[in-house]
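Following: one structure in structure tokens, then a few remarks.
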Amino acid sequence: MKLKEIGEFGLIDKIKNETLIDSRKVIRGIGDDAAVFSIGKGRVALLTTDILIENVHFIRNKISPHDLGYKSMAVNLSDIAAMGAKPEHAFISIGIPEDIDTDYIDMFYQGVKELAKKYSVNILGGDTSLSTSGLIINIALTGSAVKKNILYRNTARPGDIIYITGNLGDSKAGLYFVINNITNLDHQALKLINVHNKPYPYVHEGIFLAGCRGVHSAMDISDGLGSDLGHIASESNAGFILYEEKLPVSDELINFCSKFSKDISDYALNGGEDYVLAFTADPKNALNIEKSYYKKFNKKLFRIGEITDAPEIILQLKDGKRKAVTGTGWDHFRHNLTVQ
Ligand code: ADP
Ligand code: MG
């Protein structure tokens with residue numbers, strides 16, 4: 001069977017079979033933003049890993065080595081944040097093609113270390129090898145948390161309000177400039193590219209939300225809001241409704257979409273690489289969560305919809321009409337970084 005036919009998630013489902021040999025200390029294996037396992041006394045450790053491959057996840061001459069290091073750390077931090085845990089130790093493995101010099105690797109590590117310092121993460125090891133097919137980066141990151149605070153994908157409840165922590169679609173707009181070789185970039189274009197190259201990991205926010213009463217589930221939006229919320233819904237045996245008018249978008253994205261005739265809702269719903277957190281919360285705790293979050297971070301949370309009974313997955317359009325959400329998020333076997 002071709003990988004394209006089953007897609008990234010179909011493949012992971014197949015791999016999942018017979019992966020738990022001794023499940024006694026495993027709280028969550030494959031299927032969430034990070035794995036969770038017991039380390040005793042009500043505390044748990046988390047582990048997540050992400051790979052970035054030249055010409056699949058990035059185009060080397062379109063991102064500075066510093067930003068590439070930064071992004072590689074950010075995507076891992078985002079997965080630990082999505083579980084509401086504190087990131088701790090990183091392991092970094094790189095496959096380096098012959099044409100890359102030490103300056104490049106130095107700058108890459110400056111980007112990695114900038115975020116490591118910001119979030120107090122140690123770099124404890126990794127692996128280095130020659131690569132015959134482009135630059136390959138794999139980071140594994142551990143985290144820790146109190147067991148009862150962890151936020152999973154499969155614990156959303158019908159009636160929960162769905163929140164996200166920031167704007168959607170900017171990263172995809174940034175990618176548009178990158179892959180279409182658009183030069184002459186104005187201030188707004190540079191801002192969108194910066195969101196794509198240097199995503200903000202919501203680490204402190206994730207830990208804070210995990211400690212809030214009434215927050216039931218969370219994940220980070222890496223493949224696209226529609227498809228990622230689909231994971232929360234299916235894992236929780238629930239459905240959801242989203243309100244198009246509530247999806248937060250930046251002024252830069254609004255201008256981008258009108259300039260390049262793009263559908264802004266498509267960018268918001270199916271963008272990918274947004275790395276905002278999506279979480280669900282009990283409506284009776286909602287106001288408290290919003291207020292205390294604002295007080296702590298001086299930032300708003302965005303209510304974008306509700307968890308409902310399965311199997312409905314609905315987008316209510318601005319004109320009040322409803323349609324089914326089709327999760328056309330990023331799938332590595334079905335999409336690639338070619339001109340779009
Ligand atoms: P994310 O986008 O949050 O990084 P993914 O969609 O990549 O998550 O992965 C979903 C789940 O599948 C995670 O639990 C991840 O650890 C697991 N997973 C992904 N690839 C593999 C693999 N090759 N072998 C085992 N587990 C995998
Ligand atoms: Mg994730």
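None of these values were measured; they are calculated from a predicted model. Read the numbers this way: they start at 1 and go in the same order the structure lists the ligands and their atoms.
Only the side chain of Asp79 comes within 4.0 Å of ligand 1, judged by heavy-atom distances.
Under a hydrophobic clustering in which Ile, Leu, Val, Met, Phe, Trp and Tyr are joined whenever their side-chain heavy atoms come within less than 4.5 Å, directly or via other members, Leu47 and Ile27 fall into different clusters.
Among protein heavy atoms, the minimum distance from atom 13 (C) of ligand 1 is reached at Asp32 O, 3.2 Å. From the protein, the heavy atom lying nearest to atom 17 (C) of ligand 1 is Ile30 CG2, 3.7 Å. Of the protein's non-hydrogen atoms, the one nearest atom 7 (O) of ligand 1 is Glu8 OE2, 4.1 Å. Given atom 24 (N) of ligand 1, the protein heavy atom at minimum distance is Ile15 CG2, 3.5 Å.
In this structure, Phe108 has its ring center no closer than 6.0 Å to that of Tyr104. Aromatic rings of Tyr202 and Tyr275 (six-membered ring for Trp) have centroids beyond the 6.0 Å cut-off, not under it. In this structure, Phe9 has its ring center closer than 6.0 angstrom to the ring center of His231. A centroid separation of 6.0 Å or more is found between the aromatic rings of His196 and Phe177.
Contact annotation for atom 15 (C) of ligand 1: protein absent (non-hydrogen atoms, distance under 4.0 Å). Within 4.0 Å of atom 5 (P) of ligand 1, not a single protein heavy atom is present.
Interface of Asp33 with ligand 1, defined as ligand atoms under 4.0 Å from a residue heavy atom, comprises 3 (O). Contact atoms of ligand 1 toward Ser222: 2 (O) (distance under 4.0 Å to a heavy atom of the residue). Of all the atoms in ligand 1, the ones that sit under 4.0 Å from a non-hydrogen atom of Phe9 are 6 (O).
Some N or O of Gly31 is nearer than 3.5 Å to an N or O of ligand 1, by distance alone. Between Asp223 and ligand 1, a contact under 3.5 Å exists for no N or O pair.
Of the listed residues (Arg153, Met83, Met219), the one carrying the non-hydrogen atom nearest atom 8 (O) of ligand 1 is Arg153. Among Thr49, Asp50, Ile51, Ile12, the residue whose heavy atom lies closest to atom 12 (O) of ligand 1 is Ile12.
Both the sub-6.0 Å distance and the 45° axial angle are not jointly satisfied by Lys291 relative to the ring of Tyr294. Note that Lys25 lies outside the cation-pi zone of Phe37, set by a 6.0 Å cut-off to the ring centre and a 45° limit from the axis.
At a threshold of 2.8 Å, the Mg ion (ligand 2) has no backbone or side-chain N, O or S atom of Asp32 nearer than that distance.
Formation of a donor-acceptor pair under 3.5 Å by the Asp282 side chain with backbone atoms of Lys284 is found in this model.
The pair Glu54-Arg60 meets the salt-bridge criterion, since a charged nitrogen lies less than 4.0 angstrom from a carboxylate oxygen. Ionic pairing of Lys71 and Glu273 is present here: one or more N-O contacts between side-chain nitrogen and carboxylate oxygen are shorter than 4.0 angstrom. The existence of a salt bridge linking Lys296 and Glu205 is excluded, since no basic side-chain nitrogen approaches an acidic carboxylate oxygen closer than 4.0 Å.
The Mg ion (ligand 2) sits nearest to atom OD1 when only the N, O or S atoms of Asp220 are considered.
When rounded to 10 degrees, the angle formed at the Mg ion (ligand 2) by OD1 (Asp79) and OD1 (Asp33) equals 100°.
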